[in-house]
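Throughout, protein chains are lettered first and strands after them, A, B, ... in sequence-line order, and every chain is numbered starting at 1.
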Protein chains: 2
Amino acid sequence: MTKPGPQPKIATLIDKLSQRDHVSPEEIEALRDVLGTPQEVRGGVDIVKEHAHPQQSTLLISGFSARYSSLSDGGRQITEINVPGDFIDLHSLLMKQMDHGVVALTDCVVAPAPHVKLIALTERHPHLTRLLWLDTIIDAAIHRQWLVAMGRRSGLGHLAHLICELYLRLQAVGQSGRLRFDLPLTQAVLADALGLSTVHVSRLVTELRGEGVINWSGGQVEILDWHRLAEIAEFDATYLRLQNEPV
Amino acid sequence: MTKPGPQPKIATLIDKLSQRDHVSPEEIEALRDVLGTPQEVRGGVDIVKEHAHPQQSTLLISGFSARYSSLSDGGRQITEINVPGDFIDLHSLLMKQMDHGVVALTDCVVAPAPHVKLIALTERHPHLTRLLWLDTIIDAAIHRQWLVAMGRRSGLGHLAHLICELYLRLQAVGQSGRLRFDLPLTQAVLADALGLSTVHVSRLVTELRGEGVINWSGGQVEILDWHRLAEIAEFDATYLRLQNEPV
DNA sequence: CGTCGGCTTGATAGCACTCAATGAGTGTGG
DNA sequence: CCACACTCATTGAGTGCTATCAAGCCGACG
């Protein structure tokens with residue numbers, strides 16, 4: 001759901017950026033200027049297609065989406081789950097061609113930011129440019145944590161890590177409650193994100209539930225024991241950079 | 001080895017950036033201004049420590065280094081292998097705290113770029129800033145490919161993909177011959193990069209050799225059958241963004 | 001020539017996969 | 001109102017890729 005307020009389109013984005021550094025009114029105005037009319041996208045539909053050459057970047061206002069790559073055998077690997085306030089393809093501003101696709105995992109609302117306007121923004125607002133740059137840098141940091149989880153953690157640790165990450169990222173944009181958040185994703189989506197089979201994901205979720213660490217039903221996750229969850233995940237939130245340090 | 005020329009320090013970096021967009025003489029001058037005196041680092045030594053708060057970023061001039069994260073059980077996951085011309089911790093400019101370490105895999109030569117000077121650069125050179133931004137964006141794209149390889153490819157495909165990637169990245173900075181390049185890394189390092197055991201890496205290398213796809217001995221890789229190698233890896237070079245498209 | 005790091009090979013074990021079937025929940029239409 | 005179809009989650013059985021343990025090989029080097 002979009003937060004109420006004078007700038008509903010960019011409220012989550014501003015929330016997130018403001019946790020890292022002060023965002024001036026002029027910068028907020030500049031951000032609002034680059035964003036176009038919000039649009040709805042149905043769950044399951046591609047927001048950006050693989051190998052596309054977008055002329056704009058897209059801000060996710062509400063809902064969940066995912067970066068993914070398709071494989072020749074019909075398989076799919078999700079490389080990041082996006083939450084409200086994320087620019088889902090900001091990197092296409094400079095990459096030009098998408099190296100992956102972005103699919104709406106649920107019904108979403110998105111807003112376009114034309115590349116022409118974003119380039120102009122980088123010419124006029126160096127500090128805001130650095131804040132947007134930082135956002136893509138954190139994407140890379142998230143990828144690295146996923147690599148560590150995939151390469152060296154147990155399946156259970158990997159799942160636990162994903163839950164920790166999503167909880168904190170949703171919290172940063174005011175989309176989670178106290179040790180509780182909506183996550184209306186199927187286990188098949190989780191499997192594609194974790195690089196596991198759906199069967200195994202089911203067993204892992206059951207295991208975390210059985211240990212009394214989380215509850216997960218009806219598309220809502222409840223963290224019953226944050227300490228144990230973080231322990232299983234070996235979670236260290238540094239990479240999400242939720243501290244305020246001027247750039 | 002450092003390339004000969006008037007700007008030996010930044011020759012590889014300029015090579016790489018120039019493949020993506022024109023770099024003006026003023027921009028080259030600005031880059032040279034931010035870089036300090038090159039220093040040698042012995043193989044095995046950390047160039048940047050995990051959780052550090054660097055006051056400068058570091059350009060890799062020669063040698064190989066790797067981003068890595070340590071685990072509580074003593075294990076290690078390498079998340080990227082850096083080649084000459086790579087800024088190994090450019091993201092620390094905005095992240096402030098390192099979310100991982102960088103270790104010299106071989107003897108290296110590196111040059112520091114103080115954050116204060118880099119920030120000043122972003123204030124004065126928007127276009128060059130975008131080129132540096134793009135470099136960190138490509139790091140993220142490399143991470144994503146590793147995620148796909150780790151999550152959904154076979155061990156053999158994963159190894160093949162890494163070889164394809166390193167070959168093209170070294171080629172982009174003039175550090176590889178015709179289907180041949182130096183890669184003085186141990187199989188233990190490869191194992192930490194692929195998320196496999198050293199034993200299994202040995203078997204995979206043996207398999208690729210046995211199939212007549214590559215030769216690998218004396219720290220040198222020779223690609224005997226690029227087509228088959230790319231096929232095994234399902235390799236698509238888009239993500240390395242080696243095309244010239246102005247940003 | 002002995003030691004050492006790195007690579008290779010063999011044997012065994014285990015985590016996660018695939019195939020398969022069942023159950024729960026939801027929506028549709030007769 | 002109920003039969004049916006469909007998606008999603010769960011559970012069981014058997015398989016396989018990769019880990020671990022262990023031993024041996026090889027080249028470099030003092």
Nearest-nucleotide comparison on DNA chain C, the residue closer to the 5′ end among B/R203 and B/Q187: B/Q187

Backbone of B/I81 reached by a side-chain donor or acceptor of B/R169 within 3.5 Å: yes

Atom pair distance, as rounded to whole Å: CG in A/L204 and P in D/dT11: 13 Å

B/Y167 and B/W226 aromatic ring geometry - parallel, tilted or perpendicular at 30°/60° bounds: tilted

Touch class at under 4.0 angstrom, heavy-atom based, for B/G75 against every strand present: nothing

Proximity to the side chain of B/H200 - top-ranked nucleotide from D/dT18, D/dT11, D/dA9: D/dT18

Along DNA chain C, first and last positions that approach a heavy atom of chain B under 4.0 Å: C/dG6 to C/dA11

Under 4.0 Å protein heavy-atom contact, by nucleotide of nucleotides 22-30 of chain D - B base, S sugar-phosphate only: ---------

Side chains of B/W146 and B/E165, donor plus acceptor under 3.5 Å: yes

Salt bridge (charged side-chain N to carboxylate O under 4.0 Å, His left out): pairs with one or both residues in residues 224-233 of chain A, sequence neighbours excluded: A/E211-A/R228

Polar side chain donor-acceptor pair, A/S72 to B/E234, under 3.5 angstrom: yes

Side chains of B/T12 and B/Q175, donor plus acceptor under 3.5 Å: no

Ion pair A/D89/A/R67, N-O distance below 4.0 Å: no

